[in-house]
Amino acid sequence: MDYLASLNEPQYEGVVNTEGPAMIIAGAGSGKTRVLTYRIAYLIKEKGVDPFSILALTFTNKAAKEMRERIATVVGSNARNLWMGTFHSVFARILRAEADRLGYPSNFTIYDADDSKSLIKTIVKEFGLDDKVYKPNVVFSRISSAKNRLVSWQEYVNNPIYAADDETAQKPEMGRIYKTYAQRCFKANAMDFDDLLFQTNVLFRDHVDILNKYQHRFKYVLVDEFQDTNVSQYLITKKLSAVSQNIAVVGDDAQSIYAFRGANIENILNFEKDFPDLKVIKLEQNYRSTQNIVNAANSVIARNKGQIKKKVWTTNNDGNRIDLIKSISDNEEGRFVASAIFEQKSQNNYKNEDFAILYRTNSQSRAIEESLRKSGIHYKIYGGLSFYQRKEIKDLMAYLRFAMNTADEQSFRRIINLPKRGIGPTSVEKIVVAAFEHDIPLWEVLNNVNAFLPGRAANAVNDFVTLIKSFQIYVQSKDAYETASHIAKNSGLLKELYDDKTVEGLNRYENVQELLNAIKEFVETPEVEDKSLGAFLQDVALLTDQDNEDPDNKDFVSLMTIHSSKGLEFKNVFIVGLEEDLFPSQMMMSSRDDLEEERRLFYVAITRAKENLYFSYALSRYRYGRLINCEPSRFIEEVDPSFIFVNTRYGSREPKLGRNDGPPGFNANFARNLMANKKSAPKKPLQYHKPSADFRPSDTSGLQEGMKVEHPKFGFGKVSKMDTSGANKKAKVIFEDFGEKTLLLTFAKLRIVE
DNA sequence: GGGCAACCACTTTTT
DNA sequence: GTGGTTGCCC
C-alpha cells in the first residue's frame, strides 16, 4: 500500500472509491494521471480485479502508453492485460470482432481525414456542385458532427430541421452528399474515424447480446479527459457501464479545448443526471506551478461564465512575475525568445528541454525556428505534417491497403495511375461509376474492364489487375514485411523515387525505407502474434507518429501549438503571438462560446508552466507572405496586472521580399517555377529600388487616386485606381520601372510622396 | 495525357 | 510562404 501514502486527501478518495459511479474534476497540475493510474493499480492489487475486466479509455496513444507503463511499475507485468487504449483503437478492435453483425468484413479499412475529404471532393464533383460552396472541409465537419451526435444519414435526410439548416447555409445538397458518402464508405468496406464510434453505437443498440457480452466483460470503466468526449463516446461508455455502474470519469472543464471537434461539456451535466448517486471528487491543489502562475491562470479563467466551481490553489513559492515582451516584428520576437532562452540557460542552469514555445497556429513556428537555428539552440517542432500523411507514405500504404481490400475506392484512385500507366481521370471515373450503376464490387469491374473501357485503357487496367493479383499471393502467404517490400519494389514506386535525385526525392525515398523498417520492426516484435499485412494495417491506421522519438538527442526546446501541449509541462513557457485576431483567433470570434473556448486555450497554455512564464507579441507580422499590423491580444489585459512585468524590447524590421513581389518574370515566384521546371535562369539580374525612407507599416487611409507613392521595392509610382469595395482595400499603382501592380492596403507598405 | 504558368486558399485537430 | 489546383497549350 506504500504507493498510496504519497497521495493527498482528495487524491486518495479518487483512488479508493472504486465502486459505483465517480467523477473526478481535476484542476491543472493536480495529479490527475497519478490518480487514474493508482486507481487502476488499486483495483488490481488491492481489490483483486482481473485486468481483463478493466477498460480504460484515453484520447491519445501516448497517454495510453504512458499510463500503462506507470501502472506496470506498481502492479508488474499484469498490466499488459488491461484493456487500455484510445477510444478509436479499442472500439476498432471490438468492431473487427463483431463486424459481420453490421455487414462489414472484419478486415475493413479505416479512412483517415484525408481519405474522407478526398472522397467528399469526388462526390461533390460527381454531383456537379460548386466546390467553393461545398468545401470539403466544411462538408466533412458537417457530416462528422452529425455522426458524433449519432445522426445517421437516414435521419439526416428525413429530418426537415437539417434540411432547413442546410437551406439557410445555402447548401441544400448536404443530405444527399452525406447519404452518398456513407454508402460509398460502406461499399469500399471502409469506416472513417467517426464511424468507429458511430458504428459501435449501432452495434450496441441493435445487438443486445453483444452489448451484454461487453457489459459483463468490462466490470470497471475509466475515462480520461472526459471534458473532451463527444456524445457518441459518452453513450458508448454509459451503455457499457449500465450494468456494473462502475464508471469513473476524470477531467477538467476549464481545459476543454476541442468543442470544435464535437467535444461536449454538457456530458458532465448529463453524467450527473444519468448517474444520480455519483460521487464527485475535486482535485484542487496544484503541484506544478508557482503561485504567480496559478493565480494568473485563475484570473483568466474566472472571466468564463460557464464552468464548474472550483478553486485551484498551491503551496509553491511565489516565483517570478510573468515577463511580457513587446517587439516590432515576428522575426524580432523570435530573436528575443532565443536570447531569453540563451540567458536563462547560462544564468539558471536550465537545459533546452526545460523550455517550450507555444503558439496558436502552426504557421507561427517559422519565424521562431529561424532565430533558434541562428542562435544554435537545439529545438524540435511538434505537429505539422505527420509521417503517415506524407504523399510517398500514403502512396505505398494505398497499395498495401488495396491489396488487402480491393473495394477500397480511395486507395484505388491513388494508385491506379501511379506510376503513370496512361489511365486518366476519365477512365477512372468510368470504372467507379460502372461499379455503382451495376451495383457490383469495384474489383469485378476491374476484372471485366474490357466491357467498360476502350482497348488501350482497358489493357493498361488489365496489367494493373495482374499486378495486384500477384501482390495478393504475397499477402496470403508471406508476412507483412516481405509483402510490403515486394510491393514497394514491384509496383514501381521505389524506382520512381530512386530516380528522383533532388533533395526532396532523396527524402521521400528514405521515408519509404523508414516505413518498411517500421513494418520490419512490427514483424520482429515477439508479442505480435499475427504478423500478416492485414494485422499491420489495422495497427497503423490509428497510429499517429507522436511517439516516434529520437532517443539520442533528447535535449531540445519544444515548439508546438497550444492544442498539442495539453497534458505536458515545462519549467519555462513562452506564449508567443499574443495578438488580437491571432489569439484569440479571428475566426473564433463569432460567438461568446467560441471566445470562452479561446480563453480556455489560453488557460491551458499558462498552466503548462512550472517556474517561468513569458507572454510575447509583435506589432507587425508576416501572414500569408504579407505584412500586417498587429495589436496586443485582449487576453493580456485579462490577466491581473499585478502578476505581469512589462519588458518592452523594440527592435527593427528588416525588409523582406515576398514571392510575388517584383515584376512578373523576375520575382521569386518566377524563380520558383524555374527551379521546379529546371530551366536556365534569366540573364538580367534583379534590380530593386533602394528605399529613400525607413519603411515601417504606415497609415494609408488618406490614399487617393492620382497620388504619387513610393514602395520599398518597386520605387515610385502613381495610384491609378482605388478599389474599396471588398473586405481588403486595394490600390492599383503604375510604377515607373515595374508597371502596374495591385497592392493590398491593409499591408500598407506604401509611403505617400505627394 | 502531360507540361507549364497562373491562381487560389489557408484555425486549432489527441483519432 | 506554401502547396495544391486550374486552365491553357502542345
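Only a predicted model underlies this, so the values are computations on that prediction, with no experimental measurement involved. Naming convention: chains lettered A, B, ... in sequence-line order (proteins, then strands); numbering from 1 in each chain.
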| message | The side chain of A/Thr60 is closest to which nucleotide in this list: B/dC10, B/dT14, C/dT2? | response |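 My answer, after comparing the listed nucleotides, is B/dT14.
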| Out of B/dC10, B/dT12, B/dT14, which nucleotide sits closest to the side chain of A/Asp228? |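 Of B/dC10, B/dT12, B/dT14, B/dT14 is nearest to the side chain of A/Asp228.
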| query | Within a reach of under 6.0 Å around CD of A/Glu429, are more than 12 heavy atoms found that belong to other residues, nucleotides or ligands? | reply |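 Enclosed.
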Whole angstroms only, please: what is the [atom1]-[atom2] distance between [X] and [N]?
X: A/Ile257; N: B/dT11; atom1: CD1; atom2: C1'; answer: 13 Å
X: A/Glu579; N: B/dT11; atom1: CD; atom2: P; answer: 17 Å
X: A/Met560; N: B/dT11; atom1: CE; atom2: C1'; answer: 18 Å
X: A/Asn362; N: B/dT12; atom1: CG; atom2: C1'; answer: 8 Å
X: A/Asp112; N: B/dT14; atom1: CG; atom2: P; answer: 12 Å

| message | Does B/dT13 have OP1 or OP2 under 4.0 Å away from a side-chain N or O of A/Thr561? | response | yes
| query | Quick one: is C/dG3 close enough that its OP1 or OP2 comes under 4.0 Å of any side-chain N or O from A/Lys391? | reply |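 No, A/Lys391 has no side-chain N/O under 4.0 Å of OP1/OP2 on C/dG3.
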| field | Pairwise side-chain contact, A/Val576 with A/Phe615, heavy-atom cut-off 4.5 Å (strictly under) | value | no
Which protein N or O atoms sit under 3.5 Å from an N or O of nucleotides 5-8 of chain C?
from: C/dT5; atom 1: OP1; to: A/Lys121; atom 2: NZ; distance (Å): 2.8

